Amino acid sequence: MKKIEAFIKPFKLDQVKDALTEIGLVGMSVGEFRGFGRQRGHSEFYRGSEYQVDFLPKLKIELVVSEDEVDRAIEAILRAARTDEVGDGKIFVLPIEEAIRIRTGETGSQAL
């Protein structure tokens, strides 16, 4: 099993969710985050004053999939989240040692 963490632009959430659902992947967690990478924020003006926005809004999508679904999930996220602009985000893939469904006690891939 693998955990996929994808940091994306907030307005891309519905497209990513739809792309993952289309390939049969359901069940994900989404959280709001603020951060920066290469773009390092930007300047904005508010009431005539300039200020620096260092941390930009991002969403983090987390899902756990079986090993044979990882490539399809990554391709779906890439296709749906890409804008070809700086700040599109990142995808991380981490190993998962165990999964347990609390309600039934199922373990491993049956818990997904």
Side-chain angles (χ1 to χ4, degrees):
M1 292 178 293
K2 299 286 185 177
K3 179 180 182 182
I4 299 173
E5 295 181 353
F7 290 86
I8 64 169
K9 292 181 176 184
F11 67 90
K12 286 295 200 170
L13 176 61
D14 287 336
Q15 290 163 293
V16 171
K17 179 184 66 94
D18 291 344
L20 291 169
T21 303
E22 282 176 17
I23 63 168
L25 296 177
V26 294
M28 65 187 75
S29 298
V30 177
E32 294 182 11
F33 287 82
R34 299 181 69 72
F36 68 90
R38 288 191 177 158
Q39 79 258 36
R40 296 197 177 123
H42 62 275
S43 296
E44 288 188 7
F45 287 92
Y46 180 72
R47 295 189 179 181
S49 297
E50 182 180 11
Y51 64 98
Q52 185 68 22
V53 177
D54 292 330
F55 293 98
L56 301 173
K58 299 287 182 185
L59 292 181
K60 179 181 175 184
I61 299 172
E62 297 178 317
L63 60 151
V64 177
V65 298
S66 62
E67 301 243 359
D68 60 328
E69 296 174 317
V70 172
D71 291 336
R72 290 184 322 131
I74 290 171
E75 289 171 17
I77 294 168
L78 286 173
R79 186 176 60 254
R82 178 177 286 143
T83 67
D84 292 325
E85 307 259 335
V86 173
D88 273 352
K90 297 259 191 306
I91 299 172
F92 300 100
V93 181
L94 305 118
I96 295 292
E97 291 185 25
E98 184 64 88
I100 303 160
R101 185 182 311 258
I102 294 173
R103 180 177 53 86
T104 63
E106 294 170 298
T107 60
S109 60
Q110 283 128 4
L112 299 179

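These numbers come from a predicted model, not from an experiment. FYI, the numbering just counts along the sequence from 1. For the numbers below, each heavy atom of this structure counts, side chains included, while hydrogens, waters and symmetry mates do not.
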Practice prompt. Could you state whether Leu63 and Val93 fall into the same hydrophobic cluster, counting links through intermediate Ile, Leu, Val, Met, Phe, Trp or Tyr residues with side-chain heavy atoms under 4.5 angstrom apart?
Written response: yes
**Prompt:** With the 4.5 Å side-chain cut-off for hydrophobic clustering, are Leu94 and Phe33 part of the same group?
**Reply:** no
dist Lys2:NZ -> Glu69:CD (nearest 0.5 Å) comes out at 13.5 Å
Smallest heavy-atom separation, Ala6 atom then Ile77 atom, equals CB-CG2, 4.0 Å
Margin query: So Ile61 and Leu13, do their side chains get closer than 4.5 Å, heavy atoms only?
Written below: yes
The single option from Lys58, Lys60, Lys90 that satisfies salt bridge (Lys or Arg N to Asp or Glu O under 4.0 Å) with Glu5 is Lys60
>> Show, in sequence, the C-alpha distance, side-chain angles and deciding distance for Leu59 and Glu32, and conclude whether the side chain to side chain contact (heavy atoms under 4.5 Å, CB included) test is met.
In response: CA-CA 5 Å; Leu59 292 181; Glu32 294 182 11; 3.7 Å; yes
**Q.** Connected via hydrophobic side-chain network under 4.5 Å: Leu78 and Val16
**A.** yes
Nearest heavy-atom approach of Ala111 to Ala99 is CB-O, 3.7 Å
CG of Asp68 to OG of Ser109, rounded to nearest 0.5 Å, is 9.0 Å
Checklist entry - Taking a hydrophobic cluster as the set of Ile, Leu, Val, Met, Phe, Trp and Tyr residues connected by side-chain heavy atoms closer than 4.5 Å, whether directly or through intermediates, do Ile74 and Val64 fall within one such cluster? => result no
Practice problem: Using a 4.5 Å cut-off on heavy atoms from C-beta on, say whether the side chain of Leu112 contacts that of Met1. | Solution: yes
Just wondering, do Arg79 and Gln15 contact through their side chains at under 4.5 Å, heavy atoms? no
Test item: Asp88 side-chain N/O and Thr83 main-chain N/O as donor-acceptor pair under 3.5 Å:
yes
Practice problem: State whether the side chain of Glu98 and the backbone N or O of Gly108 hold a donor-acceptor pair below 3.5 Å, judged by distance alone. | Solution: yes
Output a table of donor-acceptor pairs, distance under 3.5 Å, between side-chain atoms of residues 18-28 and any protein atom two or more places apart or on a different chain; print 'none' if there are none.
from  : atom 1 : to    : atom 2 : distance (Å)
Thr21 : OG1    : Lys17 : O      : 2.8

Correct closest heavy-atom pair for Ile4 and Val70 would be CD1-O, 4.2 Å
For Arg82 and Lys12 the tightest heavy-atom approach is O-NZ, 3.8 Å
Residue set satisfying side-chain hydrogen bond (donor to acceptor under 3.5 Å, both in side chains) with Glu75, at least two apart, ordered chain then number -> none
